[in-house]
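Okay, structure first, notes after.
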Amino acid sequence: MTDKKTVLITGGSRGIGKACALELAKAGYDVIINYVGNVDAANQTVEELKTLGSNSKAFRFDVTDADAVSAGISEIIETYGKLDALVNNAGITRDGLFMRMNSENWNAVINTNLNSAYNVTNFVAKLMIKQRHGAIVNMSSIVGIYGNAGQANYAAAKAGLIGFTKALAKELGSRNIRVNAVAPGFIQTDMTKDLKLDGVEEHIPLRRLGQPEDIAKAVKFLIEDAEYVTGQVLAVDGGLVV
Ligand code: NAP
């Protein structure tokens, strides 16, 4: 078993998940990343993590597939022996007005953003209960708090993650496991690269779009420094929705 703390980040190969991985590697963690399809991005991220001294590996499994998650996490536990922290970060969007939203796009977003957190946390929480400690961060969105036209599926999933976070914080607090959520605003990643965001800065008090590193710092705070914080949703959005 490694002496260092370990963290599993779902969707850790790109974007916000990758930034969280690098931030936690800098904080001394052995970082385990998960991804589903983009092998090159995952390998590249693992190489960058290794240069930071992290004993990192990428595990390919689809977080929507409970059997694949079970197999993947068993392999992670065999390899690392423990998990001190978990970031439920994997997510997708399938935007469209609700009246035109088919069930395929509804289900894909609910499965990837919300049911995935059930699939992964189901295994990881059991391990954390045995270990008698752990920290979990769920990647929600300001859209889960305030809604957004064209994102009924995504808003429902991200709001669901907030309820999940608060309920789990109450259930697991006595086991020394903290559960919090981060609610990012507009962050520049592959997920937002095709959105027309011209002029959005004017509506953001801090007058800029967010970077993945802005979210990573909040995640690191909640995992590593926020020892008396649980059940909270930390908005990291440049003041967009205060
Ligand atoms: P991104 O750049 O598109 O990266 C998504 C990551 O999730 C990739 O690593 C991808 O793996 C992985 N992934 C997707 N489906 C998966 C599945 N079924 N199983 C395992 N991994 C899967 O997205 P991002 O912008 O960094 O977003 C990360 C999280 O932040 C998401 O939950 C998103 O909803 C949330 N968020 C983002 C923003 C924003 O403005 N960007 C705002 C609020 C919240 P592959 O590389 O293999 O595809």
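Counting starts at 1 for both ligands and their atoms, in listed order.
Close contacts between ligand 1 and N38 involve ligand atoms 45 (P), 46 (O), 47 (O) [criterion: under 4.0 Å to a heavy atom]. In the vicinity of Y154, heavy-atom distances shorter than 4.0 Å reach the ligand 1 atoms 33 (C), 34 (O), 35 (C), 36 (N), 37 (C), 43 (C), 44 (C). Distances below 4.0 Å separate heavy atoms of M139 from the following atoms of ligand 1: 29 (C), 30 (O), 35 (C). Each of the atoms 2 (O), 26 (O) of ligand 1 lies under 4.0 Å from some heavy atom of G15. Near T112, meaning under 4.0 Å from one of its heavy atoms, ligand 1 places the atoms 15 (N), 18 (N). Atoms of ligand 1 lying under 4.0 Å from any heavy atom of F61, numbered from 1 in the order shown and given with element: 19 (N), 20 (C). Under a 4.0 Å criterion applied to the non-hydrogen atoms of S141, ligand 1 contributes the atoms 43 (C), 44 (C). Ligand 1 places these atoms under 4.0 Å from at least one heavy atom of T192: 39 (C), 40 (O), 41 (N).
Closest to atom 14 (C) of ligand 1, if we only count protein heavy atoms, is G91 O, 3.9 Å. Of all protein heavy atoms, the one closest to atom 46 (O) of ligand 1 is R14 NE, 2.7 Å. Given atom 18 (N) of ligand 1, the protein heavy atom at minimum distance is D62 OD1, 2.9 Å. The nearest protein atom to atom 24 (P) of ligand 1, hydrogens excluded, is given as T189 OG1, 3.6 Å; this is a heavy-atom distance. At the shortest separation from atom 27 (O) of ligand 1 among protein heavy atoms lies M191 CE, 3.9 Å. Nearest non-hydrogen protein atom to atom 28 (C) of ligand 1 is N89 OD1, 3.3 Å. For atom 9 (O) of ligand 1, the closest non-hydrogen atom on the protein side is S13 OG, 2.8 Å. Scanning all protein heavy atoms for the shortest distance to atom 7 (O) of ligand 1 gives G11 CA, 3.5 Å.
Side chains of N111 and N107: no donor on one and acceptor on the other come within 3.5 Å. Side-chain contact of S13 with N38: a donor-acceptor pair under 3.5 Å is absent, judged by distance alone. With hydrogens and angles left out, the side-chain atoms of N138 and S140 include no donor and acceptor closer than 3.5 Å.
In this structure, S116 falls outside the shell of residues with a heavy atom less than 4.0 angstrom from ligand 1. Residue contacts with ligand 1: A41 is excluded, as none of its non-hydrogen atoms falls under 4.0 Å. Using a non-hydrogen distance threshold of 4.0 Å, Q188 does not register as a contact of ligand 1. Within the structure, ligand 1 lacks A19 among the residues with a heavy atom less than 4.0 angstrom away.
Take D40 and apply the salt bridge (Lys or Arg N to Asp or Glu O under 4.0 Å) test, not counting sequence neighbours, and it matches no residue. For the salt bridge (Lys or Arg N to Asp or Glu O under 4.0 Å) test, no residue two or more places apart in sequence or in another chain qualifies with R60.
Of the heavy atoms in S140, only backbone atoms (N, CA, C, O) come closer than 4.0 Å to ligand 1. Residue-level proximity to ligand 1 for N34 is carried by the side chain, the only part with a heavy atom below 4.0 angstrom.
In terms of polar-atom proximity, G17 is not counted as a contact of ligand 1, lacking any N or O under 3.5 Å from an N or O of the ligand. Between I187 and ligand 1, at least one N/O pair is under 3.5 Å apart. Residue-to-ligand polar distances place V63 within reach of ligand 1: an N/O pair is separated by less than 3.5 Å.
Taken from OG in S103 to CD1 in I110, the straight-line distance is 12.0 Å, to the nearest 0.5 Å.
Using a 4.0 Å cut-off between charged nitrogen and carboxylate oxygen, K18 and D190 do not count as a salt-bridge pair.
Residues V219 and M139 form a side-chain contact, since some pair of their non-hydrogen atoms from C-beta on lies under 4.5 Å apart.
Between the choices A90, G210, A58, the shortest heavy-atom distance to atom 13 (N) of ligand 1 belongs to A90. For atom 26 (O) of ligand 1, the candidate residues are I16, T93, T10; the nearest heavy-atom contact is made by I16.
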